Asks: 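Quick one: structure below, then a few questions.
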2 protein chains.
Amino acid sequence: MTGDELDDEIAALLQRADQRYTKGRRALVAALRAAGQPVTILQILDAADGLAQSSVYRNLAALEEAGVVTRVITNDEFARYELAERLTEHHHHLICSMCGDVFDFSLGARTEASLDKALHRVADDAGFTVEAHRLDLVGTCPRCD
Amino acid sequence: MTGDELDDEIAALLQRADQRYTKGRRALVAALRAAGQPVTILQILDAADGLAQSSVYRNLAALEEAGVVTRVITNDEFARYELAERLTEHHHHLICSMCGDVFDFSLGARTEASLDKALHRVADDAGFTVEAHRLDLVGTCPRCD
DNA sequence: CTGACATTGATAGCCATTCTCATTTAGGAG
DNA sequence: CTCCTAAATGAGAATGGCTATCAATGTCAG
Ligand SMILES: [Mn+2]
Ligand SMILES: [Mn+2]
Ligand SMILES: [Zn+2]
Ligand SMILES: [Zn+2]
């Protein structure tokens with residue numbers, strides 16, 4: 001997906017949610033894109049400057065609501081954000097339990113498919129409606145080893 | 001694992017961590033065992049009465065440190081706890097995105113094994129040391145549908 | 001241009017969790 | 001059974017990531 005296509009898709013998503021694609025929101029998207037991995041609010045504020053903390057929180061919430069961005073849950077106390085899978089691709093996370101850093105990884109199509117099948121079976125048995133699955137690998141990153 | 005075996009194992013884990021198996025901690029373990037699913041601090045306080053909130057927080061931290069208990073990460077703002085897998089068995093979680101409730105499920109040995117293999121391959125490639133994996137199914141529970 | 005309304009940003013408030021500390025408890029030595 | 005000492009307890013204060021507020025600013029249709 002080129003930068004322009006991405007921007008068009010984001011604009012459409014925001015429009016559908018009655019939200020404007022403002023300067024601050026563009027800056028957020030750019031920061032997330034540049035990071036290439038889930039980042040904390042503090043990291044965003046450090047990287048892209050001129051952003052007000054309160055606006056970052058509010059806009060990330062707005063972007064999440066519109067489906068542009070996803071909040072990534074980890075073990076530490078800081079929320080992390082990344083571009084939503086609809087704008088990138090389905091993937092999973094390596095989480096370093098020492099420094100908290102989060103990296104992306106993907107399973108092969110074959111593994112992913114059989115996992116998905118197993119999960120749908122589980123969900124059916126439990127009477128659950130599946131929205132998504134989340135697979136994290138928790139460990140120690142090379143830098144912390 | 002019988003109740004006595006469980007208690008012995010817990011006592012050993014606590015001893016190794018220089019912690020006592022006190023009345024309050026026994027009450028916590030009993031509450032987690034009775035619940036049979038990850039529970040919030042509030043749920044613990046409601047179920048087992050006579051426990052001081054501050055002690056529950058402190059003791060859950062101590063039990064986690066000793067490896068008796070695990071903090072379960074979900075989407076909502078409340079921490080949940082369950083007995084550690086070393087005292088039960090490896091499993092995963094169904095998370096209701098409406099009410100926040102969490103339920104256990106297991107994959108078949110075959111699926112789990114091939115997943116584990118794929119994950120170790122990923123970890124090796126990334127230079128990660130694997131501690132654990134976490135697989136959650138997010139959706140809507142029958143009660144909330 | 002002008003009104004209506006969304007967005008912004010500084011700041012105050014919220015609340016789950018953690019910290020503090022005086023008091024109580026419990027296990028070991030004698 | 002005492003002491004003695006260190007761990008544990010519990011009520012309350014403090015912390016800190018996040019959210020709500022609201023006056024000021026920006027945006028766009030008419
Ligand atoms: Mn990611
Ligand atoms: Mn569980
Ligand atoms: Zn690390
Ligand atoms: Zn539910």
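Here is the naming used below: chain letters follow the sequence lines, and residue numbers restart at 1 for every chain. As the structure is a computational prediction, the values presented were derived from the model and not from experiment.
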Asks: In whole angstrom, what separates A/Asp18's CG from D/dC28's P?
Replies: 14 Å
Asks: Could you state the CZ-P distance from A/Arg25 to C/dT8, rounded to the nearest angstrom?
Replies: 5 Å
Asks: Can any side-chain N or O of A/Gln43 pair as donor or acceptor with the backbone N or O of A/Thr40 at less than 3.5 Å?
Replies: yes
Asks: How long is the line joining CD of A/Glu65 and C1' of C/dA6, in whole Å?
Replies: 16 Å
Asks: How are the rings of B/His92 and B/His133 set relative to one another: parallel (under 30°), tilted (30 to 60°) or perpendicular (over 60°)?
Replies: parallel
Asks: Taking CD from A/Gln53 and P from D/dG17, how many angstroms apart are they, rounded to a whole number?
Replies: 9 Å
Asks: Nearest-Å distance, CZ (B/Arg71) to P (C/dA16)?
Replies: 14 Å
Asks: Side chain of A/His91, backbone of A/Glu89: donor and acceptor closer than 3.5 Å?
Replies: yes
Asks: On DNA chain C, check which nucleotide each of A/Tyr21 and B/Ala79 is closest to and give me the residue with the more 5' one.
Replies: A/Tyr21
Asks: Taking only the side-chain nitrogens and oxygens of A/Asn59, find out if one of them lies under 4.0 Å from OP1 or OP2 of C/dT8.
Replies: yes
Asks: Quick one: is B/Thr22 getting a side-chain N or O under 4.0 Å of the D/dT9 phosphate, OP1 or OP2?
Replies: yes
Asks: OP1, OP2 of C/dG9 versus side-chain N and O of A/Ser55: anything below 4.0 Å?
Replies: yes
Asks: Between C/dT20, D/dC18, D/dA7, which nucleotide has the shortest distance from any of its atoms to the side chain of B/Arg58?
Replies: C/dT20
Asks: Donor-acceptor pair, distance only, cut-off 3.5 Å: does the side chain of B/Arg80 make one with the backbone of B/Gly100?
Replies: yes
Asks: Nearest-Å distance, CD (A/Gln19) to C1' (D/dC28)?
Replies: 16 Å
Asks: Side chain of A/Phe78: nearest nucleotide among C/dA16, C/dC19, D/dG17?
Replies: D/dG17
Asks: Measure from CG on A/Leu45 to C1' on C/dA10 and round the result to the nearest Å.
Replies: 14 Å
Asks: Whole angstrom is fine here: how far is it from OH in A/Tyr57 over to P in D/dG16?
Replies: 13 Å
Asks: Which nucleotide in the set D/dG17, D/dA11, C/dA10 lies at the smallest distance from any side-chain heavy atom of A/Ser54?
Replies: C/dA10
Asks: Nearest to the side chain of B/Arg20, heavy atoms from C-beta on, is which of C/dA6, D/dG10, D/dA8?
Replies: D/dA8
Asks: Hey, are the side chains of B/Leu32 and B/Glu82 touching, using non-hydrogen atoms and a 4.5 Å cut-off?
Replies: no
